[in-house]
Amino acid sequence: MTTPTLPASLVENPRLDRWICFQPDRTVRIATGKVEIGQGVVTAIGQIAADELDVPLNRVAVLSGDTDNGPDEMYTTSSLSIEVSGSSVRLVCAEVRAKALERAALRLNCSRDELTVVDGQFLQNGMATGQDYWTVASEIDFTQAATGTAAPKAANLYRVVGRSIPRLDLPAKVSGAAFLHDVRPPRLLHARTLRQPSRGATLATLDEAAIRRAAKGELQIIRDANFVAFVSPVEGVAQAAAAAAPQHATWNNVRRIESAQQEAAWLQGQPSDDRHIGAPPATVATTQRVQASFSRPYIAHASLAPSCALAEFRDGHLTIHSHGQGMHPLRRNLAAALGLPPDAITARHLHGAGCYGHNGADDAALDAALIAMRLPGHCIRLQWRREEEFGFEPVGPAMLVTLHVALDERGRPADWTTEIWSGTHVQRPGTGSGFLLATEAMANPPPEVKPTDPPEARGGGATRNAVPLYDVPAHRIVHHLVLRPPVRTSALRGLGALPNVFAIESLLDDLAARIGEDPVAYRLSILSEPRARRLIEAVAERAGWSGRGPAGSGKGLGLGFARYKNRAAYAAVVAAVTVQESVRVDRVWCVADAGLVVNPDGARNQLEGGIVQAISWTLKEQVRLDEQGISSRDWDSYPILRFSEVPDIHVELTDGAGNPSLGVGECTVGPTAAAIGNAVKHALGVRIHDMPLTRERIMGALLNT
Amino acid sequence: MPAPAEETSMVLAFTVNDVAQQIDAPQDTSLLDVLRNHLGLMGTRYGCGLEQCGCCMVLVDGEPAYACTREVGTVAGRAVTTIEGLGTPTNPHPLQRAFLDEQAGQCGYCLSGIVVSAKALLDRNPNPSRADIVAALDKHLCRCGAHLRILRAVERAAADMRAGRPA
């Protein structure tokens with residue numbers, strides 16, 4: 001018998017009891033290291049377990065993000081929760097089901113084949129036996145490692161998977177308290193911080209008396225080198241102190257930057273680590289060579305809630321509640337920063353606002369922990385201020401992408417180079433090259449390390465989706481990892497996929513236009529992957545592509561396509577736009593292939609949300625810099641898409657039940673940006689290469705023609 | 001001599017979700033702070049403190065108001081309604097039920113403010129057009145992109161309420 005290949009999460013967390021526990025209240029607790037960030041993962045994981053165990057969904061309690069009782073699955077990222085955690089839960093449940101039936105057969109002195117499971121009860125030839133999971137659970141050794149040898153159910157037997165089960169977490173969220181921000185434990189103290197303006201800055205003076213006057217109430221000021229926090233039993237007092245503090249503090253050695261550094265164009269020529277990935281340039285018998293550059297600026301996660309954390313240090317043990325994307329990595333990072341052993345820390349996830357990547361959540365947890373260590377026995381509730389969230393969260397890196405393409409005699413790409421300039425896409429402490437923010441304010445900050453980007457084996461960072469999925473005989477990537485961008489950068493939904501897909505799909509439209517071909521027909525002529533072809537054909541049909549009018553009318557229809565990471569879900573998007581002085585997206589059609597879909601409505605919700613967020617990035621968003629750092633620190637200076645700007649969106653999932661599940665959270669963002677860029681080109685007859693596609697860029701492009 | 005903060009502190013009387021409340025707080029305390037930290041009503045959320053996002057929307061005498069900047073002294077004698085005043089998971093308001101029916105949300109942080117604004121709209125216009133709903137909600141931000149589901153949910157709630165369907 002061959003050993004089955006286990007999902008990475010199961011290899012790292014082999015013990016069954018890390019995943020499953022039959023509880024006295026006749027529920028079964030399923031634990032996952034992936035956390036709910038509004039994407040519906042808790043519901044979907046519950047569905048998988050309910051089907052595999054044949055228990056009703058209301059007997060499944062999903063425990064998500066708990067270092068004491070759940071598996072370590074690193075971070076909730078890269079649209080991998082269903083692929084990796086879901087498949088682990090499925091295998092564990094199949095194995096436990098088999099073990100439980102084996103025990104029941106022994107008890108009943110019957111053959112296992114006579115037993116079936118209905119609503120968690122074991123029936124013998126259809127008759128009640130009095131046996132169920134809970135009666136036999138004590139006879140199963142849950143400390144054993146999962147082997148993955150019990151075959152999960154065939155997909156055609158699923159009864160809960162594949163159904164649009166309403167999200168389990170949503171009722172509380174439209175009724176009242178539902179978030180970490182809403183928890184008020186006993187002995188609570190509210191805290192806010194004064195942030196070190198930049199790494200290396202030192203606090204010269206702090207007028208504590210002035211801050212206390214502004215705070216108007218009981219206030220403790222905690223200082224640890226260049227880390228400052230204001231703590232009060234009254235939230236308004238801590239808030240008032242923090243609001244006043246910047247005017248009463250002076251700093252030395254503040255890093256000065258220039259606003260020109262906010263543009264992606266600044267990256268070219270900066271010191272970088274350079275890599276050449278892929279085939280050497282092909283000898284192409286052509287003189288037709290094309291080069292074009294595209295860019296995206298720094299963009300913010302711009303979570304609707306400021307980052308927040310609860311921390312309590314009691315009897316030598318630190319308990320943290322956080323809305324970060326990975327509790328086990330957070331525990332390790334806190335342990336390293338605080339000099340505690342990891343088992344002296346418990347980290348538990350509670351809901352926060354959508355984060356879309358690595359935002360301030362983990363940093364807030366360290367802020368809270370630093371204060372809690374100084375005030376043992378109190379629960380510290382640390383919340384960032386709005387300007388702190390915008391000003392100090394890691395941002396999505398600016399990217400400049402230049403495509404160098406040699407064409408064959410038919411105008412098709414014969415040789416392709418994607419050249420990229422970007423800061424790192426992952427500075428998650430532990431896995432990336434970053435630190436929790438407040439460690440830089442300590443007396444002995446960790447040494448600055450050279451940034452790295454995720455390897456291509458994990459989908460890459462800046463290089464994510466840099467290779468077109470089309471039939472290109474020879475291709476390569478030149479990656480310039482810019483070492484010192486002006487701001488801290490880290491993971492934001494899709495990483496480099498959005499700028500790369502925007503660049504590739506824009507150029508494909510322009511290559512089609514060079515030889516007078518329709519963009520859809522041109523793509524299909526160089527795309528042999530059947531799943532991809534089917535989507536492009538389907539979305540073109542839905543959008544009425546055959547009736548697409550001439551270019552330059554002010555109305556445009558554009559298409560974008562990609563398979564996320566070239567190995568996850570496929571999405572083809574068509575956007576219809578009207579361009580006057582600015583761009584308005586009128587309608588969007590999307591057809592996606594995500595293989596087996598656990599919760600179709602949940603998947604559609606993710607696809608729609610990705611489309612809306614990508615429209616917002618493409619049309620509106622850019623982090624602004626001034627001498628002090630990020631200057632776009634509120635929603636007026638960092639506008640996002642509003643209700644009045646959201647188009648009609650039609651989303652369709654193809655029937656992918658014959659294929660494994662593929663995560664859908666990020667697959668629409670690149671195709672949406674590209675579809676809008678191509679629609680704007682169609683509307684204007686002019687290509688805009690740089691995001692966001694603002695009124696100024698449109699006027700500039702029109703003036704240049 | 002009393003401290004400046006105490007000079008403006010007095011007992012304020014107003015109703016919250018039809019319950020009479022007496023709050024001893026400085027008049028310039030934000031209504032948001034009072035709702036969350038004095039009354040334990042956590043459905044009204046802090047987002048920006050700048051009247052830019054709508055997470056803190058409540059009704060004051062039936063009109064939408066940003067609780068983050070509204071001084072509690074200005075609601076003395078008035079009626080404040082928060083999301084908790086609409087319904088509960090077991091006894092939801094038609095709007096709350098419609099939001100669940102449409103699965104209108106992702107992270108959900110924006111939803112309580114949006115539902116409150118939608119209630120003010122439906123109270124004065126039981127049959128709003130899509131454009132009316134967009135106009136009423138345009139001051140609210142949603143970062144996850146659940147906008148279209150939210151608009152459908154408000155339309156569904158309006159239809160349910162016109163048809164007199166019980167919550």
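All values below were derived from every heavy atom in this structure, side-chain atoms included, with hydrogens, water molecules and symmetry-related copies excluded.
- Both the backbone and the side chain of Arg604(A) come within contact range of chain B, with heavy atoms under 4.5 Å apart.
- With a threshold of 4.5 angstrom between heavy atoms, Leu188(A) does not approach chain B through any atom at all.
- Between chain A and the options Leu137(B), Val115(B), Asp101(B), Leu111(B), the largest number of non-hydrogen pairs under 4.5 Å is found for Leu137(B).
- Contacts between residues 120-131 of chain B and chain A, counted as heavy-atom pairs separated by less than 4.5 Å, involve no residue at all.
- A cation-pi arrangement is found for Arg386(A) relative to Phe390(A), the charged atom lying closer than 6.0 Å to the ring centre and inside a 45° cone about the ring normal.
- Of all heavy-atom pairs between Leu170(A) and Ala104(B), the closest is CD2-N, 4.4 Å.
- Using modelled atom types, one finds no donor on one side chain facing an acceptor on the other under 3.5 Å when comparing Thr15(B) with Asp18(B).
- Ser164(A) does not touch chain B: none of its heavy atoms, backbone or side chain, sits under 4.5 Å away.
- The structure places OG of Ser81(A) at 5.5 Å from CD of Gln39(A), a figure rounded to the nearest 0.5 Å.
- No side-chain N or O of Asn605(A) forms a donor-acceptor pair with one of Gln103(B) less than 3.5 Å apart.
- The residues Arg633(A) and Glu388(A) are annotated as not salt-bridged, no charged nitrogen and carboxylate oxygen being separated by less than 4.0 angstrom.
- If you measure heavy-atom distances from Leu95(B) to chain A, you find no contacts under 4.5 Å at all.
- With a threshold of 4.5 angstrom between heavy atoms, Cys48(B) approaches chain A through its backbone and through its side chain.
- Counting heavy-atom pairs closer than 4.5 Å to chain B, the top-ranked of the candidates Gly609(A), Ser175(A), Ala172(A) is Ser175(A).
- Of all non-hydrogen atoms in Leu35(B) and Ala67(B), the two that sit nearest each other are CD1-CB, 4.4 Å.
- Between the side chains of Glu36(A) and Ser64(A), not a single donor N or O lies within less than 3.5 Å of an accepting N or O.
- In terms of heavy-atom pairs under 4.5 angstrom with chain A, the leader among Gly40(B), Cys55(B), Gly43(B), Ser112(B) is Gly43(B).
- Here the side chain of Arg493(A) pairs a donor or acceptor atom with the backbone of Gly665(A) at under 3.5 angstrom.
- Contacts of Asn37(B) with chain A are made by side-chain atoms alone, with heavy-atom separations under 4.5 Å and no backbone atom involved.
- To the nearest 0.5 Å, atom CG of residue Leu59(B) and atom CD1 of residue Ile83(B) are 9.5 Å apart.
- Residue His181(A) touches chain B through both its backbone and its side chain, counting heavy-atom pairs closer than 4.5 Å.
- With a 4.5 Å cut-off on non-hydrogen atoms, Arg184(A) touches chain B through its side chain but not through its backbone.
- For residues 140-156 of chain B, the interface with chain A (any heavy-atom pair closer than 4.5 Å) comprises His140(B), Leu141(B), Cys142(B), Arg143(B), Cys144(B), Gly145(B), His147(B), Leu148(B), Arg149(B), Ile150(B), Leu151(B), sorted by residue number.
- A salt bridge is absent between Arg78(B) and Glu63(B): the closest approach of a Lys/Arg side-chain nitrogen to an acidic carboxylate oxygen does not fall below 4.0 angstrom.
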Exercise. Are Arg36(B) and Asp182(A) close enough, and set up right, to give a salt bridge (Lys or Arg N to Asp or Glu O under 4.0 Å), and what steps lead you there?
Worked result: CA-CA 8 Å; Arg36(B) 291 179 64 83; Asp182(A) 305 332; 2.9 Å; yes
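- The distance from atom CE of Met57(B) to atom NZ of Lys119(B), rounded to the nearest 0.5 Å, is 14.5 Å.
- Between Gln27(B) and Glu71(B), the closest heavy-atom pair is O-CB, 3.5 Å.
- Ranked by heavy-atom pairs under 4.5 Å with chain B, the list Glu645(A), Gln606(A), His190(A), Glu389(A) is led by Gln606(A).
- Comparing His301(A), Glu387(A), Gln239(A) by how many heavy-atom pairs each has under 4.5 Å with chain B, the most go to His301(A).
- A donor-acceptor pair under 3.5 Å links the side-chain atoms of Gln96(B) to the main chain of Val174(A), judged by distance alone.
- Contact count versus chain B (heavy atoms, under 4.5 Å) is highest, among Val612(A), Leu304(A), Val646(A), Val234(A), for Leu304(A).
- The backbone N or O of Gly360(A) sits nowhere less than 3.5 Å from a side-chain atom of Glu393(A) that would complete a donor-acceptor pair.
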